[in-house]
Amino acid sequence: MSYFSPCLSSLPSGMRKYYGGMADRLLIICVLSFSLLSCAGETVELKNAVTAYNKMLTEALAKPDENIMEYFTSNNELSRIGAYILRLETEKKLMVSELLELQFLSTSTSEEGKTATVNTSERWTYHYVDNKTREKITEEEAIAYENTYHLLKESGHWVVDRIDVTEK
Amino acid sequence: MGKILQAVWSFVTSRNVAIVLLIVVTCMLAVGAFLPNPVFLTDEQKIEMKIANPSLYWLGERFNSQSLASGRVFGFIGIFLILSTALCSIDRLITKKRAKAGALFAFPDATSQKGIKKSFQNIHVSALEGYGREWFKKQKWKVTVQGETSCKTIVGSRGNAGFWGSIFFHFILITALMGLVIYYFGSYRATLGFTEGQSYRLEKDRLVHILEEPVWGLSLPDAEVGLVKQYSIYAEDEPLYPIEHVAVFRVYEFKKNRSWDKEVRINDPLVIDGKTFLLQRGGFSGKIVLKNSDGVVVFDTFVALRNKRGTADDVTIEGENIHMEVSFYPDFIKKGTRYETKSLQVRNPFYWVKAYRGDTLFFDKLVPLNVETKAGEYLLGLPEIRRWVEIELVGEPGIGFFFIVSFVGLIGVFARVIDPDERIYIILEEMKSNVEMTTYTYSKHFAGLIEDKRNEMVTYIEERVG
């Protein structure tokens, strides 16, 4: 049976079959198009969330102020960043980093749409500066990662909850 | 007196006058579009232009398309066109009424007056009249006959639907122009400023600038709005050129008792209770703390840096007679003796502060973020950097209505085109041995086509006569 108009039943059986089949096909095309569009939107949102996270992370480490990450992370991840900044502060240094390349390898969302993972390939450079004078205290280092970001949907937007880091 | 009134009536209802006014409007806008609008220039660009090309600046300031469109000339033309269209519709209805009263038979001025005369032997006027009627009936034209048995004037006419189409278009035009009037009196534009972390209830006092306000006053949604975060994404190879600006707002609506977040982008505005807020501009907002020699805080506030892409501004501390020039370098680098920023991302944040007491420079130094420095007798602290954004409350009531109604009005124009005002006059005169048939035509817009119709009709009558 078609989900389309019930008036199909008033048509002769041959026509009903023809139009019914056409309606089914239309329905499938609509559902597929809708799913594809929804998926595309979700993928863009996930990519935006990871891009924004990395951008804000650079600033959080350079300021240093983990609170600016609040909108982009879960409490777990925020605590992790806070702990890292604290460690840097005890060593009287700050990290100045630059994301040179962020490539998205794959994205996936759970069935309920509440969790997602994003796989990336990243190239960074970083160095440390004195936390008072901001004078460079180490040489610039380059590093490449393949990361898996685990994201949660909180208050209607994606936040980073955890990152599995693999150095290349 | 009658003549004067007639002249005024003709002038006001004249389509040509309306066309001339529309051409004037178009030319003014075209010229205005080429002139620079100082509103869209930065302060530096304004100064540069004032020096390099003062006359162009003067012209641009007064005659740019934005100021022209909101000027009195435009307002007058708009109101005149509404009046003109309304009166033109009334004029047409009067003309139509007169035509019904018999004026149809008086040849209009535009009649070709080129009569085609044919002579028929051994036939009565009534027979020819019958053939004429037949042809008009086939064409679904309206037929009106006047005269006596030996001399008749038969008029076939069409264009009734077209006439009402035209009237419909005129009335729609009045309605559409009313949309413009609503826009003219009801549009509003006002700006609000937020620094990250700042939130407040939307009230009129909070508006930074009110550029336009409806005559019935500006009402704001009953909500508290706060800027949670602002960030921008820059092109990889052009770190100073943004490809996206995002501002995250948290909204609490008092009446609905609900709170929600919204990521506002350039073409994705914040909408609260039907009111639209567009992301307009932004920059860095630095916290500046100044303590005097006794350790008393004399200045402690976030300063929105509005110049040089939101990285520089002047600050005056009046009580202390201090003036500061503050430049912020989010990603500081030194090129020779010049200070620059590599990108607009906070990676290596430094301030360059020049402080004057009166005209005397007493501090000129590069200061890292979050470091307290001695500045003359003061202690200068720059503990925090945030971002500020300006959003614009924009409402253009009537504009959407104007476009929709204008589109609907096209139906009237379409009806006018498919059913134009056309007439064919047949004058039948019974002579001694024959009947003379003279035909005339009238078409308001399609003079060539009506000639073909007339020939077709004459041929039809000739064939019917045999």
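Convention: sequence-line order gives letters A, B, ...; per-chain numbering from 1. Keep in mind that what you see is a predicted model, and the values were worked out from it rather than measured.
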>> Please classify the contact between B:Tyr234 and chain A as side chain, backbone, both or neither, with a heavy-atom cut-off of under 4.5 Å.
In response: side chain

> Is chain B contacted by the side chain of A:Thr51, its backbone, both, or neither, given a heavy-atom distance below 4.5 Å?
Replying inline: side chain

>> If you count every heavy atom of other residues, nucleotides or ligands that lies below 6.0 Å from B:Phe362 atom CZ, does the total exceed 12?
In response: yes

>> With a 6.0 Å cut-off (strictly less than), is the heavy-atom count around CZ of B:Phe254, excluding the residue itself, greater than 12?
In response: yes

>> Return the CG to CG distance between A:Asn131 and B:Asn370, rounded to the nearest 0.5 Å.
In response: 8.5 Å

> Is any residue of residues 335-356 of chain B within less than 4.5 Å of chain A by heavy atoms, and which ones?
Replying inline: B:Lys342, B:Gln345, B:Val346, B:Arg347, B:Asn348, B:Pro349, B:Phe350

> If you draw a 6.0 Å radius around CD in A:Glu140, do more than 12 non-hydrogen atoms from other residues or ligands fall strictly inside?
Replying inline: yes

> Among B:Ile233, B:Val367, B:Val248, B:Val246, which has the most heavy-atom pairs under 4.5 Å with chain A?
Replying inline: B:Val248

>> Please check if the number of heavy atoms outside A:Lys136 that lie under 6.0 Å from its NZ is greater than 12.
In response: yes

> In chain order, what residues pass the salt bridge (Lys or Arg N to Asp or Glu O under 4.0 Å) check against B:Glu372, with sequence neighbours excluded?
Replying inline: B:Lys291

> Taking it one step at a time, do B:Leu369 and A:Arg134 satisfy side-chain contact (heavy atoms from CB on, under 4.5 Å)?
Replying inline: CA-CA 9 Å; B:Leu369 178 73; A:Arg134 289 191 181 267; 4.0 Å; yes

> Do any of residues 379-394 of chain B have a heavy atom less than 4.5 Å from a heavy atom of chain A, and if so, which, in residue order?
Replying inline: B:Ile385, B:Arg387

>> With a strict 4.5 Å heavy-atom criterion, list every residue of residues 61-78 of chain A that contacts chain B, or say none.
In response: A:Ala62, A:Lys63, A:Ile68, A:Tyr71, A:Phe72

> More than 12 heavy atoms of other residues, nucleotides or ligands under 6.0 Å from CG of B:Asp294: is that the case?
Replying inline: yes

> More than 12 non-hydrogen atoms from neighbouring residues, nucleotides or ligands closer than 6.0 Å to NZ on A:Lys93, yes or no?
Replying inline: yes

